[in-house]
A.B. asks: 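Take a look at the following structure, please.
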Amino acid sequence: MAKNLTGDLQVASANRLVDGMVVWLDDAGQWTDRLERAAVARDVRGAEILLERARAEAFSVIDPFLVAVTEDNYGTVEPLSLRERIRASGLTFDAIAADAVRYA
């Protein structure tokens, strides 16, 4: 499947309550910290259903929402927006954690 630049593909994301880590909802209804395991909605109705599932499983996360993604020919999923690419990379969280350790 070629990259989809229209944002038709969506994943559900949130932040885990216990540590603030970015997580994605997988096909089994579990929150995972690995974007490649995220359930991908491929149309508007699928995205609505995915968001409802995310909200139903939100006991350990805060504010689930949909993220537009692309998928390449190998099935690699990547967020469309820069903000979500940064969240997915974990860079900002790692930097904050490093500062917290350094100043503790």
Side-chain angles (χ1 to χ4, degrees):
M1 171 181 269
K3 284 193 174 186
N4 181 334
L5 300 178
T6 64
D8 292 340
L9 303 178
Q10 305 272 331
V11 296
S13 183
N15 290 84
R16 205 167 35 208
L17 286 173
V18 296
D19 59 8
M21 290 295 295
V22 175
V23 291
W24 294 270
L25 191 68
D26 67 15
D27 286 320
Q30 302 295 314
W31 292 101
T32 179
D33 59 1
R34 298 184 58 189
L35 177 57
E36 64 270 13
R37 292 186 178 170
V40 178
R42 300 186 180 281
D43 57 31
V44 174
R45 182 66 182 133
E48 291 170 356
I49 292 168
L50 182 60
L51 184 56
E52 287 304 313
R53 285 183 62 213
R55 289 177 177 156
E57 297 295 335
F59 57 87
S60 64
V61 298
I62 188 165
D63 286 336
F65 62 97
L66 294 175
V67 174
V69 296
T70 63
E71 185 177 43
D72 67 15
N73 292 337
Y74 302 102
T76 303
V77 175
E78 181 177 309
L80 282 174
S81 76
L82 176 60
R83 175 187 186 271
E84 295 306 324
R85 280 184 267 155
I86 291 169
R87 284 181 76 242
S89 73
L91 294 177
T92 56
F93 185 82
D94 290 341
I96 292 168
D99 281 346
V101 169
R102 187 172 67 214
Y103 294 114

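Here the structure is a predicted model, which means the values were calculated and not measured.
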A.B. asks: Tell me every residue that passes side-chain contact (heavy atoms from CB on, under 4.5 Å) with Arg16, counting only those two or more places apart in sequence or in another chain.
C.D. replies: Val18, Asp19, Met21, Val23

A.B. asks: If you look only at distance, which donor and acceptor atoms sit under 3.5 Å apart when one is on a side chain in residues 48-55 and the other is two or more places apart or in another chain?
C.D. replies:
| residue | atom | partner | partner atom | Å |
| --- | --- | --- | --- | --- |
| Glu48 | OE1 | Arg45 | NH1 | 3.1 |
| Glu52 | OE2 | Arg55 | NH1 | 3.2 |
| Arg53 | NH2 | Asp27 | O | 3.1 |

A.B. asks: So which residues get pulled into Ile62's cluster when ILVMFWY side chains under 4.5 Å apart are joined, directly or through others?
C.D. replies: Leu17

A.B. asks: Can you tell me how far CZ of Arg42 sits from CD of Glu71, rounded to the nearest 0.5 angstrom?
C.D. replies: 4.0 Å

A.B. asks: With sequence neighbours excluded, tell me which residues meet side-chain hydrogen bond (donor to acceptor under 3.5 Å, both in side chains) with Glu57.
C.D. replies: none

A.B. asks: In Å and rounded to the nearest 0.5 Å, what is the OG to CZ distance from Ser13 to Arg87?
C.D. replies: 3.5 Å

A.B. asks: Starting at CG of Leu66, measure out to CG of Leu9 and round the result to the nearest 0.5 Å.
C.D. replies: 12.0 Å

A.B. asks: Work out which heavy atom in Pro79 is nearest to a heavy atom in Ala88; give both atom names and the distance.
C.D. replies: CG-CB, 4.1 Å

A.B. asks: Can you give me the closest heavy-atom contact between Pro64 and Trp31, atom names plus distance?
C.D. replies: CB-CH2, 4.1 Å

A.B. asks: Sequence neighbours excluded, which residues qualify as side-chain hydrogen bond (donor to acceptor under 3.5 Å, both in side chains) partners of Glu36?
C.D. replies: Arg34

A.B. asks: Evaluate the side-chain proximity of Trp24 to Asp26: yes if any heavy-atom separation is below 4.5 Å, no if none is.
C.D. replies: no

A.B. asks: What are the two closest non-hydrogen atoms of Phe65 and Asp63, and how far apart are they?
C.D. replies: CD2-O, 3.3 Å

A.B. asks: Linking I/L/V/M/F/W/Y whenever any side-chain heavy atoms sit under 4.5 Å apart, do Leu35 and Val40 land together?
C.D. replies: yes

A.B. asks: Could you work out the complete set of other residues in the hydrophobic cluster of Phe59, with links drawn between I, L, V, M, F, W and Y side chains under 4.5 Å apart?
C.D. replies: none

A.B. asks: Less than 4.5 Å apart, side chain to side chain, heavy atoms only: is that true for Asn15 and Val22?
C.D. replies: yes

